[in-house]
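Worksheet for the structure shown next.
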Amino acid sequence: MRTSQFFFTTLKEAPADAEVISQKLMLRAGLIKRAAAGIYTWMPLGLKVLRKVENIIREEMNRAGALELLMPAVQPAELWQESGRWEQYGPELLRFKDRHQRDFVIGPTHEEVITDVVRRDVKSYRQLPLHLYQIQTKFRDEIRPRFGVMRGREFLMKDGYSFHTSFEDLQREYANMYATYSRIFTRLGLRFRAVAADTGSIGGTGSHEFHVLADSGEDAIAFCPDSDYAANVELAEGVTPANPRANASQTLNKVPTPGKTACADVAELLGLPLTRTVKAIAIVNEEEARKRFSLLLLRGDHELNEIKASKVTGLSPFRFATESEIVEYLGCKPGYIGPVGVNAGKVRVVADRIVAAMSDFVCGANEEGFHLTGANFGRDLPEPEVADLRNVVAGDASPDGKGTLELCRGIEVGHIFQLRRKYAEALQCCYLDEQGKNQVMEMGCYGIGVTRIVGAAIEQGNDERGIVFPKAIAPFEVCIVPMGYFKSEAVKATTDRLYADLKSAGVDVVLDDRNERPGVMFADMELIGVPHRLVVGERGLAAGEIEYKSRTAAEPVMIAQDDVLAFVQTQLAA
RNA sequence: CGGGGUGUAGCUCAGUCCGGUAGAGUGUCUGCUUUGGGAGCAGAAAGUCGCACGUUCGAAUCGUGUCACCCCGACCA
């Protein structure tokens, strides 16, 4: 490709509302243009990158035995009504009517359609297992789209669905996909980690997420440097402390703490570490007109994990109590509430595992302006119900017992699920087994955020000059920047020959023939992240040499003219 | 959904408080010079001041409404 024939739309300055580095660089490099909130045009340059990502995914999926198909982006409401998600999904599902006033959605995901396809045409165990996937545009009407293509509303996704006659076969395919995903992200040149994950609203049993490691990531990951353990913080288990609870050594004492409603303020006032305090979070579970009020106890420095709390029997679905409900059940305003002296018949108390092992702790006194010190379970209040309720923090013991946890942040780019029979049952996706009996299929589903990968790769690869793309997905592999292309016959001749040679060797090369000043060409090629650069100039040619510089190297090197082709090929293969 | 902010040239932003002929930088175009790190000089084109209504002799500026975009929050005591 010659730059004069291409469409470059680089910018010196990024639009003011760009937040994260990948978004700024993608806009500056002219990879994408914003059309509306969370909706982007992929310019020719950006599309080249996107296609490279897509093709690696496609190659590896095909190699793993999956079959590509393409389902409609627009889906009839009937399928969603049948699965029940027409009601469940909420405003994130973009709905519209056609000219006949029939309801449709723009697909945020394709479980319904794929299950419909398979149930119509798969009738026998002989046709299974089957793994179908597509690379399709999805639309999710996010509350707050942000970070450019990282959380867009419209995005490209690879979604695959597998169908099996047994759970064992589903597990085999799940392992196959785990390996395939690892290969894909390795080929893409990303630093990533597979982590155990919550299955969320999609449901099912086993689940792993693949995260690209980056500080700007929206997810927190807990991992153990001394073992293979890694899990999303949403899921990572907070283990029961190894040491038993210490004996009570203090008496229960009510102390005035006017205006101190947060644990940190109370601890500071009393001159105690935050780890000696216990906070009580009031929640309400309302089902079929029966309201149940509960207090969740966490150590002052810990955070509630709502996903874990909602897994405690009888708590889900819950919401945080209103101020008036807190006054009604505890007789006290928020800020001073605690588990001591509550009416056990009306208020359920669930303590985090860490709290259950605490003694002589500080908590609210259920009286405005007062807290209690020296509180102890079994003496001042009943032994509580115990559950894992908190987000793990760095330094916690690893659940596999092999060291302590560390935390990092990640961008979720892949997610694999063992769906089991949830959708197959709802949509009656069945087959006849060897005995001629009707059986419900076992399903797996496997997603990769194709668009998001481009953003994630840039979050991981950038410097003050712009994007540093991994070689597998850079818009071009090599650029040739001539010095005096329109002035020097020698430079032009050498440049054209080099360009032709690289092209016929199958290299994705770009020749900057824009007649711009050198600084402009260098800056643009660095901004868009081309990994290898060749500079042809009269200086070098006089010595029979051409300059080569890697995007990541500090200094260029001079290569003998005759060796350049071989040298570049070696660099590309590295 | 609640709160806050911003809409002026392709991009970044002044001008709005205090009403009086639309500004800068950058980019774009033309010419000359320059040519190994976003050049210099000269000239030019380019804006329904988000939109509508209102107040006024006169509105980018004041008022009302509306749309778009951005940020924060949505109960962690």
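Every chain is numbered from 1, with letters handed out A, B, ... down the list of sequences.
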A:Thr3 and A:Asp512: side chain donor to acceptor below 3.5 Å: yes
Sugar-phosphate, base or nothing in reach of A:Leu296, heavy atoms under 4.0 Å: nothing
Given B:G38, B:C76, B:C11, the nucleotide with the shortest approach to the side chain of A:Glu13: B:C11
Sugar-phosphate only, base, or nothing, as touched by A:Ala282 at under 4.0 Å among non-hydrogen atoms: base
Base partner of B:U16, which must satisfy Watson-Crick or wobble distances under 3.5 Å: none
Gap between atoms CD and P, on A:Glu555 and B:G36 respectively (whole Å): 18 Å
Of the listed nucleotides B:C70, B:U12, B:G38, the one nearest the side chain of A:Glu19: B:C70
Whole-Å distance separating the CZ atom of A:Phe522 from the P atom of B:U35: 15 Å
Nucleotide paired to B:G58 in any strand shown, Watson-Crick or G-U, under 3.5 Å: none
Protein-nucleotide distance (A:Arg551, atom CZ; B:G37, atom P), rounded to Å: 17 Å
Integer angstrom distance from the P of B:A39 to that of B:G27: 7 Å
A:Arg465, nearest nucleotide to its side chain (from B:G36, B:C76, B:G37): B:G37
Per A:Met483 side chain, nearest of listed nucleotides B:G36, B:C76, B:G38: B:G36
Pairing partner (Watson-Crick or G-U wobble, both distances under 3.5 angstrom) of B:U6: B:A68
Evaluation steps, side chain to side chain contact (heavy atoms under 4.5 Å, CB included), between A:Glu367 and A:Lys254: CA-CA 10 Å; A:Glu367 186 177 338; A:Lys254 188 162 89 179; 2.6 Å; yes
Sugar-phosphate, base or nothing in reach of A:Gly537, heavy atoms under 4.0 Å: base
Atom C1', compared across B:C29 and B:G10: separation rounded to whole Å: 13 Å
Polar side-chain atom of A:Arg551 near backbone of A:Ile467 as donor-acceptor pair, under 3.5 Å: yes
Spacing of A:Thr109 atom OG1 and A:Arg85 atom CZ [to the nearest 0.5 Å]: 5.5 Å
Any donor-acceptor N/O pair under 3.5 Å between B:G38 base and A:Glu516 side chain: no
Interatomic distance, A:Phe8 CZ vs B:C11 P [rounded to whole Å]: 21 Å
All pairs passing side chain to side chain donor-acceptor pair (under 3.5 Å) where residues 19-39 of chain A contributes a residue, at least two apart: A:Ser22-A:Glu459
Sugar-phosphate, base or nothing in reach of A:Lys333, heavy atoms under 4.0 Å: nothing
B:G19 versus B:A59 - spacing of their P atoms, nearest Å: 13 Å
Sugar-phosphate only, base, or nothing, as touched by A:Arg533 at under 4.0 Å among non-hydrogen atoms: base
Separation of B:G36 P from A:Tyr485 OH (nearest whole Å): 18 Å
Whole-Å gap separating P (B:C75) and NZ (A:Lys279): 13 Å
Of A:Ala37 and A:Ala262, the one whose closest RNA chain B nucleotide lies more 5': A:Ala37
Interatomic distance, A:Phe486 CZ vs B:U34 P [rounded to whole Å]: 18 Å
P spacing across the pair B:A45 / B:U35, given as an integer number of angstrom: 31 Å
Residue whose nearest RNA chain B nucleotide is more 5′ - A:Arg517 or A:Pro145: A:Arg517
Side chain of A:Phe320 (C-beta onward), nearest among B:C75, B:G25, B:C69: B:C75
Under 3.5 Å side-chain donor-acceptor pair for A:Tyr485 and A:Asp496: yes
Spacing of A:Leu11 atom CG relative to B:G27 atom P, expressed in whole Å: 12 Å
Sugar-phosphate only, base, or nothing, as touched by A:Val535 at under 4.0 Å among non-hydrogen atoms: base
Sugar-phosphate, base or nothing in reach of A:Leu304, heavy atoms under 4.0 Å: base
Base-pairing assignment for B:A39 (Watson-Crick or G-U wobble, both under 3.5 Å): B:U33
Watson-Crick or G-U wobble partner of B:A22, both distances under 3.5 Å: none
Base B:G38 to side chain A:Arg28, donor-acceptor N/O within 3.5 Å cut-off: yes
Whole-angstrom distance between B:U64 and B:U21, as gauged at atom C1': 28 Å
B:C1 pairs with, by Watson-Crick or G-U criteria that keep both distances under 3.5 Å: B:G73
A:Asn305 to A:Lys308 - nearest heavy-atom pair and separation: OD1-N, 2.9 Å
Complement of B:G63, any strand, by Watson-Crick or G-U distances under 3.5 angstrom: B:C53
Charged tip of A:Arg299 within 45° of A:Phe361 ring normal and under 6.0 Å: no
C1' gap between B:U56 and B:A74, integer Å: 44 Å
P spacing across the pair B:A46 / B:C18, given as an integer number of angstrom: 35 Å
Pairing partner (Watson-Crick or G-U wobble, both distances under 3.5 angstrom) of B:U28: B:A44
Sugar-phosphate, base or nothing in reach of A:Arg390, heavy atoms under 4.0 Å: nothing
B:G7 to B:G15 separation - P atoms, rounded to the nearest Å: 10 Å
Main-chain N/O of A:Gly338 paired with A:Asn366 side-chain donor or acceptor, under 3.5 Å: yes
Distance test, side-chain N/O of A:Lys12 to OP1/OP2 of B:U12, below 4.0 Å: no
